[in-house]
Amino acid sequence: MKKSLIDMSVTANLSVNNRSVLLKMTPADGSVLPECKPGQFVEMLVEGEPKAFLRRPISINYVDVEKNELWLLIQKVGAGTLKLAEVKEGDIINIIYPLGNGFTIPNNKEQKLLLVGGGVGVAPLLMLGTELKKAGHTPVFLLGARTKDDLLLLDKFKEISEVYVTTEDASEGEKGFVTQHSVLTKERFDFIYCCGPGPMMKAVAQYANKVATECEVSLENKMACGIGACLCCVEDTTNGNVCVCKEGPVFNIKRLKW
Amino acid sequence: MVKTNVNIGSLKLKNPVMTASGTFGYGTEYSDFIDLSKLGGIIVKGTTLAPREGNPYPRMAETPSGMLNAVGLQNKGVDYFVENIYPQIKDLDTAVVVNVSGSTIEDYVAVAEKINALDKIPAIELNISCPNVKEGGMAFGTSPRSIEKVVKAVRQAYNKTLIVKLSPNVTDITEMARAAEAEGADSLSLINTLLGMAIDAERRRPILSTVTGGLSGACVKPVALRMVWQVSKAVKLPLIGLGGIMNATDAIEFLLAGATAIQIGTANFIDPQISVKVAEGIEEYLSRQGCHSVQEIIGGLVL
């Protein structure tokens, strides 16, 4: 799939909670968005912030084909994302996309699919859930966060399908981590997709290995170029060091040395 | 029409813009974004005799207006390059130069010999300045004696254009430049990355797995410019300037300081089209300044 460098015009900057915003944008030249797969990402240019010298890799949250809009969920964690979260409607942001490979969409519609997200890691699962549903699947979400306020875009997930929730402070759903949710003891899933903090993904991968379930995770190793040139974002896999930006960011856990 | 072509020894470039080793893959990674034939040349990823896995992750730390890397010459080795990569890039309409790296003089010579046999590779860049490998690399580039030895040995094995890439991590870079010139280098490229370090204060740990790494990006430009200027006064060889070039103006500054050509490195990560934009920007500058050829500004700094 051809990658593009393009100026995007911001159509909306919606506050999600005090640490996150949802940016919607459309190509400034009026062109039609390319086909993007759930799990792919963009590299966003941050202008006017010396501390954010490199682009910021951000998961594609959703593509609204009708409105020709790309959605990006941004959590303010450092100088770069803080700056990006300040953009206003009509501002131009330069991005490179679509990058990397997406999640697998299974052919077998009978498979039970679980989409596990933690914190801002829920971002790609919105598009994944939508695409899985469109393909005739019935995805189930298991979303975890520290508190109720940190559960991002919960209403949008509920519009797609059933959502199980854990929070560390029990302010919503069951108390604890996603891997402690009772749904995992009551039901068996055939495929688990996971995106979130490293320790969470490792715990989910461990669970998937234990119950012998297929599992794909989306890694977020620190990267520079995003296109497989700099070799900075490598993950040590069964095939040696491979670029997360190019061969990932989605990996079947069988390829990882977790 | 402004003439933009330059010569580096017998290596002919259609314009002075090349892409730096380790920042541009094998060129093909960028073909979605630019027409590679608009570049003066491409210097491909550092190639060693045996395959190398490189250093463990994390290999990169962002720093103010720059970045540190500790990739450690990850590559599949020269035989893989010759069999699998060379066929894909040999017909690119630009000069393809191979960056040759090694741990011993014998390694450098062996890689140079294998590349010498490739018709469509008109030059090598001898990497004696990589700060991210335990053996060899920068160790060769930080003493005039060892530079003499490795350049002499490679010169005997390689009969096309030999570019030697200098390390900035030395007290006097002109001594290193003179040593490479004396043993038959056709050109010098400078600078490789500056040895640096980043610390995560909360965790009280270094960010890079290797503790130290090579600094590049906009922040290194003043150091690189100064070194190009000093070396241009010390040797007669054509120089290829690099270090923190982010736009055409930066590139022109290197030409004025005495570089015959320039390389774009880290800037490729931020704008994959920057190399072509720089080539176009140099041409615009020359027209605006009433120059007929890029030669008119090389070393044209007015004191």
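Quick note on labels: first sequence line is chain A, next is B, and so on, each numbered from 1.
We find that Arg55(A) and Glu62(B) are not joined by a salt bridge, their nearest charged nitrogen and carboxylate oxygen being 4.0 Å or further apart.
Around NZ of Lys257(A), the count of heavy atoms belonging to other residues, nucleotides or ligands within 6.0 Å exceeds 12. Heavy-atom contacts from other residues, nucleotides or ligands closer than 6.0 Å to OH of Tyr207(A) number more than 12. Under a cut-off of 6.0 angstrom, the local environment of CD in Glu168(A) is crowded, with over 12 non-hydrogen atoms contributed by other residues, nucleotides or ligands. Heavy-atom neighbours of Lys76(A) NZ from other residues, nucleotides or ligands within 6.0 Å: above the threshold of 12. The 12-atom threshold is not exceeded at NZ of Lys37(A), counting heavy atoms of other residues, nucleotides or ligands nearer than 6.0 Å.
Between the CG atom of Leu73(B) and the CG atom of Leu231(A) there is a distance of 10.0 Å, given to the nearest 0.5 Å. Distance check: Glu53(B) CD to Asn241(A) CG gives 4.5 Å after rounding to the nearest 0.5 Å. To the nearest 0.5 Å, atoms CD1 (Ile270(B)) and CG (Asn94(A)) are separated by 11.5 Å. Leu54(A) contributes atom CG, which lies 5.5 Å from atom CE of Met60(B) (distance to the nearest 0.5 angstrom).
For a residue to count as touching a neighbouring chain, one of its non-hydrogen atoms must lie under 4.5 Å from one of that chain's; by this rule Asn221(A) touches chain B with backbone and side chain alike. Residue Thr28(B): no heavy atom, backbone or side chain, is found under 4.5 Å from chain A. For Ile227(A), the parts sitting under 4.5 Å from any heavy atom of chain B are the backbone and the side chain alike. Heavy atoms of Ala70(B) lying under 4.5 Å from chain A are absent altogether.
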Does the side chain to side chain contact (heavy atoms under 4.5 Å, CB included) test come out yes or no for Met67(B) and Cys232(A), once each step is laid out? CA-CA 11 Å; Met67(B) 62 178 274; Cys232(A) 287; 4.0 Å; yes

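Cys230(A) approaches Phe269(B) most closely through the heavy-atom pair CB-CZ, 3.2 Å. When every heavy atom of Gly217(B) is checked against every heavy atom of Phe53(A), the shortest pair comes out as CA-CZ, 3.7 Å. Gly25(B) approaches Ala229(A) most closely through the heavy-atom pair N-CB, 3.9 Å. When all heavy atoms of Lys3(A) and Asp32(B) are compared, the closest pair comes out as N-OD2, 2.8 Å.
Between chain B and the residues Lys222(A), Lys246(A), Lys51(A), the most heavy-atom pairs under 4.5 angstrom are made by Lys222(A). Comparing Gly22(B), Gly54(B), Ser65(B), Pro64(B) by heavy-atom pairs within less than 4.5 Å of chain A, the highest count is held by Ser65(B).
Between the side chain of Arg59(B) and the backbone N or O of Val234(A), no donor-acceptor pair lies under 3.5 Å.
Residues Pro56(B) and Asp236(A) are not in side-chain contact: their nearest non-hydrogen atoms beyond the backbone lie 4.5 Å or more apart.
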